[in-house]
Participant: 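Structure incoming, see below.
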Number of protein chains: 2
Amino acid sequence: MSEDDVLRQIEQAVIDHRLPPGTKLKEVQLAEVFGVKRGTIRKVLARLAYSRLVDQLPNRGASVARPSVEEGRDLFATRRVLEGAIIQILTPQINKAQIRQLRQLLDREQNAYEADDSKLALSLSVDFHRQLAKMGGNGVLEEYLNDIIRRTPLVILTHLGTDPQNRCRNQEHEAIVDAIETGDAKKAVAIMNRHLLHIENRIEHKTEDPQPDLATLLLSS
Amino acid sequence: MSEDDVLRQIEQAVIDHRLPPGTKLKEVQLAEVFGVKRGTIRKVLARLAYSRLVDQLPNRGASVARPSVEEGRDLFATRRVLEGAIIQILTPQINKAQIRQLRQLLDREQNAYEADDSKLALSLSVDFHRQLAKMGGNGVLEEYLNDIIRRTPLVILTHLGTDPQNRCRNQEHEAIVDAIETGDAKKAVAIMNRHLLHIENRIEHKTEDPQPDLATLLLSS
DNA sequence: AATCACTAAATTGTTAACAATATTTAACAA
DNA sequence: TTGTTAAATATTGTTAACAATTTAGTGATT
């Protein structure tokens, strides 16, 4: 198993919340699990730390990151900026084949959803955003959006839990494609912003999950 | 000398074009120069590669990156997106003290320029952009802009050379602050875009510096 | 010269052993 | 119990030696 494989496996485990935020990631343990040397794990952890999926403290090891509410807020706000820019760029230059490709993606997402394969549906839903970025043709924008997409599940997991309501809504994706097809970038951006704010607002307004109050916790049992 | 120190030194050497694009970066050589072990250098090179300042090929070492014209174009376009967003966010929430701080920065830049200290002037000019990002209060946007700012000198160096015309113009910075102070975000963004396009266009229109034609090169001597 | 084959050197990549640091455990005292 | 210390253990960090690969050099052949 190569370094990149290990990286993907750990990343996927975080997304699937098999590794909840805060989980300690010990080097020898991981090395044994994946059947690689400790050096490989150290490189992987460094890379994950660089992309903010894990926190690393000198001499105290690595753990799955627990992004702050502020980081989550900033991440979503930046995401709106990037996805807005991508739509602005893409709309006037998109062609029929690309529109078809996007609709096909949405169909597959819808099918997965109706087949109750929520994991696949979620994955395809993310692919929609990725695909828009790719079609935009700006590699740097795409790179940054992918970075944000990678970090987003952890934010949602940390601050909203695993509520299925946190998913993207397929209809909104369709509305975005409709607006893009008519060449109405402004409208497409507006829908995308609403789309993202839908999840974003739930983080902002979440009551501050502050210290699980021991007294209440024990007395009410 | 610590890992971070080595990183900064190499980065600065790239910015100062003491290490031109394409320069081979050999591990033992660098280790001896900085008086550190090879392991430290390897980590530094990995980090530099991650932030695209260095190209790394398996088994063939690292060299100072030579960003393509496309990458340069995308980088500048993304920069306009980010700086525009930052101004949009900052303008309605900026206070007098912050305006004063910005103007002070511009004064220092102007002084450096008049004192013919072009290196300091350039550094302060970059600080202006960084400071706007910081004041915007979105850590992720700030992070991404800093990433872009780090990559920009290499693009300019690779595709425009060391022409002093490539600097930011102080007057434009002042006009941006003026617009922000009056609360006119739209105008501030417009000036910023013009400001960035000024450099950007010189890349796009640069004649393709195509293979240094050996024949011409040798026969004309 | 130009190309190929082969060897030697240089360079990058990996690993196991060791060092440094942090964490746990146990024993003891207040 | 609570707190303190010290040893034992676990974990991370570093290094020097080795392995694998690429690059440079050499000479033979056409």
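Numbered from 1 within each chain, the chains take letters A, B, ... in sequence-line order.
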Participant: Kindly write out the residues that satisfy side chain to side chain donor-acceptor pair (under 3.5 Å) with B:Arg169, not counting sequence neighbours, or none if the list is empty.
Facilitator: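 Side chain to side chain donor-acceptor pair (under 3.5 Å) check on B:Arg169 returns B:His198.
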
Participant: For each nucleotide in nucleotides 15-23 of chain C, reading 5' to 3', give B when a protein heavy atom comes within less than 4.0 Å of its base, S when such contact involves only the sugar-phosphate, and - otherwise.
Facilitator: SSB---SSS

Participant: May I ask you to check whether B:Gln9 and B:Asp5 show a side-chain donor-acceptor distance below 3.5 Å?
Facilitator: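 Not at all, the side chains of B:Gln9 and B:Asp5 share no donor-acceptor pair under 3.5 Å.
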
Participant: Identify the two heavy atoms, one from A:Gly137 and one from B:Asp74, that lie closest to each other, and give their separation to 0.1 Å.
Facilitator: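 Reported closest heavy-atom pair: O-OD2, 3.9 Å.
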
Participant: With sequence neighbours left out, write down each residue that passes side chain to side chain donor-acceptor pair (under 3.5 Å) with B:Asp4, or none if nothing qualifies.
Facilitator: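 Result, side chain to side chain donor-acceptor pair (under 3.5 Å) vs B:Asp4: B:Arg47.
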
Participant: Quick one: list whatever passes ring pair (Phe, Tyr, Trp, His ring centres under 6.0 Å) with A:Phe76, sequence neighbours left out.
Facilitator: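 Counting only residues at least two positions away or on another chain, A:Phe76 forms no ring pair (Phe, Tyr, Trp, His ring centres under 6.0 Å).
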
Participant: Can you pull out every ring-ring contact (aromatic ring centres under 6.0 Å, His included) where at least one residue sits in residues 18-63 of chain A? Sequence neighbours excluded, please.
Facilitator: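 Sorted result for residues 18-63 of chain A: A:Tyr50-B:Tyr50.
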
Participant: Tell me, which pairs form a salt bridge (Lys or Arg N to Asp or Glu O under 4.0 Å) where one or both residues lie in residues 28-44 of chain A, sequence neighbours left out?
Facilitator: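 Pairs touching residues 28-44 of chain A that pass the test: A:Glu3-A:Lys43, A:Glu27-A:Arg38, A:Glu27-A:Arg42.
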
Participant: Of all residues at least two apart in sequence or in a different chain, which pass the ring pair (Phe, Tyr, Trp, His ring centres under 6.0 Å) check with B:Phe128?
Facilitator: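 Ring pair (Phe, Tyr, Trp, His ring centres under 6.0 Å) list for B:Phe128, sorted by chain: B:His173.
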
Participant: Do the side chains of B:Arg150 and B:Asn146 get nearer than 4.5 Å, heavy atoms only?
Facilitator: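 The answer is yes, as the side chains (C-beta and beyond) meet within the 4.5 Å cut-off.
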
Participant: Contact list please: residues 43-52 of chain A against DNA chain D, heavy atoms, distance less than 4.0 Å, in numerical order.
Facilitator: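 Those residues: none at all.
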
Participant: Measure the shortest side-chain to side-chain distance between B:Ile199 and B:Leu160 over non-hydrogen atoms and say whether it is less than 4.5 angstrom.
Facilitator: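 Yes, side chains in contact.
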
Participant: So if I take the C1' atoms of five pairs at each end of the helix from C:dA1-D:dT30 to C:dA30-D:dT1 and get each local axis, what angle do the two axes make, rounded to 10 degrees?
Facilitator: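 Roughly 20° between the end axes, to the nearest 10°.
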
Participant: Sequence neighbours excluded, which residues qualify as salt bridge (charged side-chain N to carboxylate O under 4.0 Å, His left out) partners of B:Arg80?
Facilitator: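 For B:Arg80 the salt bridge (charged side-chain N to carboxylate O under 4.0 Å, His left out) partners, ignoring immediate neighbours, are B:Glu200.
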
Participant: Test: salt bridge (Lys or Arg N to Asp or Glu O under 4.0 Å). Region: residues 48-65 of chain B. Which pairs qualify, not counting sequence neighbours?
Facilitator: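 Of all non-adjacent pairs touching residues 48-65 of chain B, those that pass salt bridge (Lys or Arg N to Asp or Glu O under 4.0 Å) are A:Glu143-B:Arg52.
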
Participant: Any residue in residues 19-31 of chain A with a heavy atom nearer than 4.0 angstrom to DNA chain C? Just list them by number, or reply none.
Facilitator: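 DNA chain C contact set from residues 19-31 of chain A: none.
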
